[in-house]
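First the structure, which I've put down as structure tokens, then a few questions once you've had a look.
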Amino acid sequence: MNSKLLGKGYEPHDVERRWYDFWEKEKLFAADDESSAESYSIVIPPPNVTGVLHMGHALNNTLQDILCRYRRLRGDNVLWMPGTDHAGIATQNVVEKALAEEGKDRHQLGREKFIEAVWAWRERYGSAIINQLKRLGASCDWDRERFTMDEGLSRAVRKVFVELYNQGLIYRGNYIINWCHRCHTALADLEVEYEEHNGHLYYIRYPFTDNSGGIVVATTRPETMLGDTAVAINPADERYQDLTSDTVILPLMDRQIPIIKDAYVDMSFGTGGLKVTPAHDPNDFEIAERHHLASVKVIGDDGNMTSEAGKFAGMDRFECRDAVVKALEKEGVLEKIEHYAHSIGHCYRCKTIVEPNLSRQWFVNVKPLAEKAIMAVQKGETKIVPDIWTKTYYNWMNNIRDWVISRQIWWGHQIPAWTCKACDEVIVSMEAPTTCSKCGGEKLVQETDVLDTWFSSALWPFSTMGWPDDTQLLKTFYPTSVLVTGFDILFFWVARMMMMGIHFMGDVPFTDVYVHALVRDEDGQKMSKSKGNVIDPLTIIENYGTDAFRFTLAAFAAQGRDIKMSERRVEGYRHFVNKLWNAARFALMHLNQSYDKIDDDHLSLPDRWILSRLNRVINSTADALDTYRFNDAASELYNFVWHEFCDWYLEAVKPALYGKKGEGQKEAALGVLWHTLHDILVLLHPFMPFVTEEIWHKLPGTRGSIMKAAYPSDRADAADIVRDKDVESQMTLLIDMISGIRNIRGEMNISPSLALQVWVQSTDHATSETIHCHQDVVINLARLKSLHVSNTAERPKSSATAVVDGATIFVSLEGIIDFAKESERLEKEINKLSNELAKVSIKLENKAFLNKAPAHVVEDVKEKHARLLERKQKLRTNLDRIKEIET
RNA sequence: AGGCACGUAGCUCAGGGGGAGAGCGCUACCCUGACACGGUAGAAGUCGUGAGUUCAAAUCUCACCGUGCCUACCA
């Protein structure tokens with residue numbers, strides 16, 4: 001007996017550390033660059049180097065790990081490519097903050113020293129999130145870990161930039177972009193978050209040159225009026241048909257500006273007069289283009305007013321707003337102020353209010369790339385799961401606008417463009433040029449801007465595999481099998497990877513995209529630090545163990561639904577881990593060897609039954625995982641292990657295991673027990689890698705890591721485990737009988753220790769045969785003194801009755817029966833049956849149903865009706881008897 | 001403004017045209033030689049509201065109410 005090998009309760013911490021080290025040491029996560037096995041690959045959504053593991057990461061990586069571990073068990077050559085993202089703005093912010101604490105800023109250091117400081121920071125803290133992923137059990141091929149700023153990936157970035165530039169898909173120009181004054185950089189449209197805000201709408205009168213009348217405009221940002229270069233009205237607006245002047249005076253600046261007519265102006269808004277500020281509003285910018293208006297930039301890149309702002313120059317933009325309002329009031333041109341709710345854009349990194357700003361930036365013309373990315377999904381080259389996201393993907397791709405890729409920060413891939421000081425020629429090239437290709441000049445200055453981080457992440461599926469070199473890794477693993485991600489980065493990342501992958505690799509980056517839900521708190525709120533509702537995955541791991549946590553995430557991961565994280569649920573699954581542990585503990589008390597072959601001759605009904613059920617769960621789990629139904633797989637396994645294996649099988653075979661059924665049955669049961677536990681461990685391993693590995697090593701006959709095991713249905717002996725419906729229905733009969741007797745015991749308050757005498761009456765030969773053959777199972781599990789089976793109405797005088805299909809059960813209660821209680825119990829049962837019977841009867845009385853419903857449905861309902869009726873009548877007979885005795 | 005999802009037991013959620021399910025919680029009994037992180041039994045839902053399609057609707061359609069999210073606009 002080796003029962004001492006397992007402790008009474010499962011203690012995760014030591015086990016987790018031990019096996020993770022073992023897996024790493026044994027290189028069990030390593031992919032083969034070249035292998036005859038089928039390839040399966042996933043690239044990790046690279047977390048930010050500055051990041052700490054949150055629930056989103058935990059879910060995302062747990063799902064990927066389940067897939068990877070599952071595919072390994074299926075014999076695939078699996079590559080899970082790990083790495084991190086340099087997160088330009090976020091990381092720069094973090095390092096700047098650290099510098100600020102030392103009283104320094106980046107400008108004092110200079111660009112080069114600052115970059116060094118960021119690298120140093122990365123050395124020190126950058127592996128935090130990687131270590132946290134390891135605690136989750138993530139089986140990434142860590143030897144291949146990549147970073148978007150690595151030399152290899154940087155080369156890919158330069159290559160892509162140069163090619164897109166040469167193809168005319170990257171250009172530089174002056175356009176309105178979103179500007180964050182705090183991060184001091186341009187932001188892409190996607191990087192702006194809008195939030196509802198209670199502001200004001202200011203009505204300002206721009207008088208005619210003679211200071212009379214004029215046009216009233218409305219604005220939420222009065223300070224921008226300093227940069228107005230026109231007032232626009234709708235050409236169809238009747239209010240302005242009789243204008244005598246075609247100019248107005250811009251108040252405070254005393255500038256004469258034109259009145260222009262443009263159909264863009266919404267006549268129903270405000271007064272129908274629109275102030276035009278081309279440098280600070282995207283729509284105004286477009287109007288200005290159409291009407292060839294000048295642009296006056298009054299808000300500077302630092303958030304202060306520029307010299308163009310006249311006497312307001314140098315003022316902070318918000319202070320200026322108040323000052324302008326006061327000044328307008330003083331001039332008597334402020335008509336009114338209304339309360340006005342509107343949404344304002346904020347920087348997604350630092351939450352500062354962003355300003356549309358005219359600026360010279362680099363852009364990607366994404367339309368041509370997007371078209372191919374749409375086609376690829378339409379043609380099914382990439383499948384988005386669940387399908388619901390496909391529409392969102394199309395919608396966004398169809399309305400896509402050019403992408404600003406330049407950022408005015410230091411940390412990132414510096415744009416590989418140089419300007420010749422002598423002739424202003426722009427040279428874009430992989431390596432720094434020494435002379436100007438046009439004039440031969442030697443004074444070349446590199447563009448100071450860096451690229452958007454997402455520009456490099458867009459290349460992730462192939463840059464991590466060595467592109468632009470033609471590597472073996474790419475040949476084996478590109479396109480990747482699936483991308484697992486949250487919908488929040490569907491556009492930021494997935495769409496852009498699609499575009500770049502197709503353009504540069506000539507093939508989609510992944511064949512499937514599995515989009516999972518967002519993890520929210522128990523009330524459905526998005527977790528955020530500011531709300532203080534963040535649940536730290538590492539705390540959960542500390543308290544409940546990684547396996548319980550992972551299983552919870554899988555069980556919660558129903559498609560198309562957000563996940564509301566509940567600690568209670570994790571606790572529940574911790575109990576499940578412990579249940580498995582104890583089932584194994586019990587099994588290992590009896591198992592001293594492995595069993596290659598199941599002894600068919602001595603199998604009991606429970607043995608055959610559990611093998612049949614095992615066969616079902618093997619197939620349904622595989623099916624669920626193949627279609628990304630993680631929650632289905634998890635609940636199948638949960639129910640099988642707890643409610644079939646533990647509750648029924650283990651209890652049923654105890655007598656055999658304790659040698660009460662002879663050596664033959666004992667050995668047969670041991671064989672089944674070994675097989676079932678063995679397969680349970682393998683099936684559960686993707687979800688609960690640690691506890692399964694721990695038990696695996698205690699199970700006799702296993703060699704090496706469970707990671708090297710074969711999925712049950714792929715094994716040579718898989719044929720031994722077959723589904724047998726006959727066996728299942730026989731076992732169901734026994735289970736129903738036992739439950740019926742237990743119900744009587746419970747309801748009648750009969751002590752569990754009292755062994756009962758039971759008479760079973762059945763006129764159905766097959767039923768009585770089954771009961772007779774397997775009566776030991778019933779006697780054992782229902783705690784009986786005796787069980788008599790007959791086809792006559794032989795029964796004890798004082799008894800309680802239960803009914804199953806094909807048989808009536810009489811539990812002798814000689815001397816202890818409480819007639820009133822038994823009547824009550826029977827009446828309750830009869831009531832239940834009557835209710836069900838009523839529903840069924842309605843159907844059968846409905847001629848339309850009998851005529852139109854499919855024959856098998858009608859047949860089913862008739863059968864059910866007969867069954868219910870039989871049961872009810874039997875109970876009724878016994879109730880009558882009881883009442884007779886009682887009176 | 002447009003779009004998408006969701007409203008099922010006290011709580012958290014599965015299910016998805018023909019017998020209402022799970023976990024937690026609750027009630028009663030039980031420390032039965034794996035497990036009290038356990039066992040056995042039990043109570044509990046007009047499946048948001050209203051209409052329609054159908055022989056049959058929790059399930060499909062529409063409207064409404066409520067919740068959440070996404071996209072766009074916002075002078």
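Below, chains carry the letters A, B, ... as their sequence lines are ordered, and counting in each starts from 1. Values in this document were obtained by computation on a predicted structure and should not be read as measured data.
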What is the nucleic acid contact for A:Leu201, judged by heavy atoms within less than 4.0 Å: base, sugar-phosphate only, or nothing?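 The answer is sugar-phosphate, as A:Leu201 gets under 4.0 Å only of primed atoms, P, OP1 or OP2.
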Tell me if the centroids of the rings in A:His516 and A:Phe630 come within less than 6.0 Å of each other. no
With a 4.0 Å cut-off on heavy atoms, is A:Asn851 in touch with a base, just the backbone sugar-phosphate, or nothing at all? nothing
Residue whose closest nucleotide on RNA chain B lies nearer the 5' end, A:Ser751 versus A:Pro282: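 Between the two, 5'-proximity favours A:Ser751.
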Quick one: are the ring centres of A:Tyr348 and A:Phe492 less than 6.0 Å apart? yes
Pick base, sugar-phosphate or nothing for A:Thr220, based on heavy-atom distances below 4.0 Å to the nucleic acid.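 Touches sugar-phosphate only.
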Students often get this wrong, so: under 4.0 angstrom with heavy atoms, is A:Lys864 touching a base, only sugar-phosphate, or nothing?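 Touches a base.
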Salt bridge (charged side-chain N to carboxylate O under 4.0 Å, His left out) between A:Glu747 and A:Arg825, intermediate numbers included: CA-CA 7 Å; A:Glu747 298 268 298; A:Arg825 199 183 64 84; 5.9 Å; no
Out of B:A75, B:U12, B:G18, whichever nucleotide has its closest atom nearest the side chain of A:Val861: B:G18
Once each nucleotide of nucleotides 30-40 of chain B is scored for protein heavy atoms under 4.0 Å, what B/S/- sequence comes out, 5' to 3'? --BBBBSBSSS
Assign A:Arg867 to base, sugar-phosphate, or nothing according to its heavy-atom contacts below 4.0 angstrom with the strands shown. base
At 4.0 Å (heavy atoms only), tell me whether A:Val577 reaches a base, stays on the sugar-phosphate, or touches nothing. nothing
Paired runs of 3 or more consecutive Watson-Crick or G-U pairs involving RNA chain B, with both pairing distances under 3.5 Å, are B:1-7 with B:65-71, B:10-13 with B:21-24, B:26-30 with B:38-42, B:48-52 with B:60-64
Over how many whole Å does the gap from A:Arg569 atom CZ to B:G25 atom C1' extend? 13 Å
So, taking the atom named CD1 in A:Ile680 and the one named CG in A:Leu699, what distance separates them when rounded to the nearest 0.5 Å? 11.0 Å
Suppose we call two aromatic rings close when their centres sit under 6.0 Å apart. Are A:Tyr638 and A:Tyr573 close by that rule? yes
Which of B:G19, B:A75, B:A43 is nearest the side chain of A:Glu836? It is B:G19
Categorize A:Val217 for me: base, sugar-phosphate, or nothing, with a 4.0 angstrom heavy-atom threshold over every strand shown. nothing
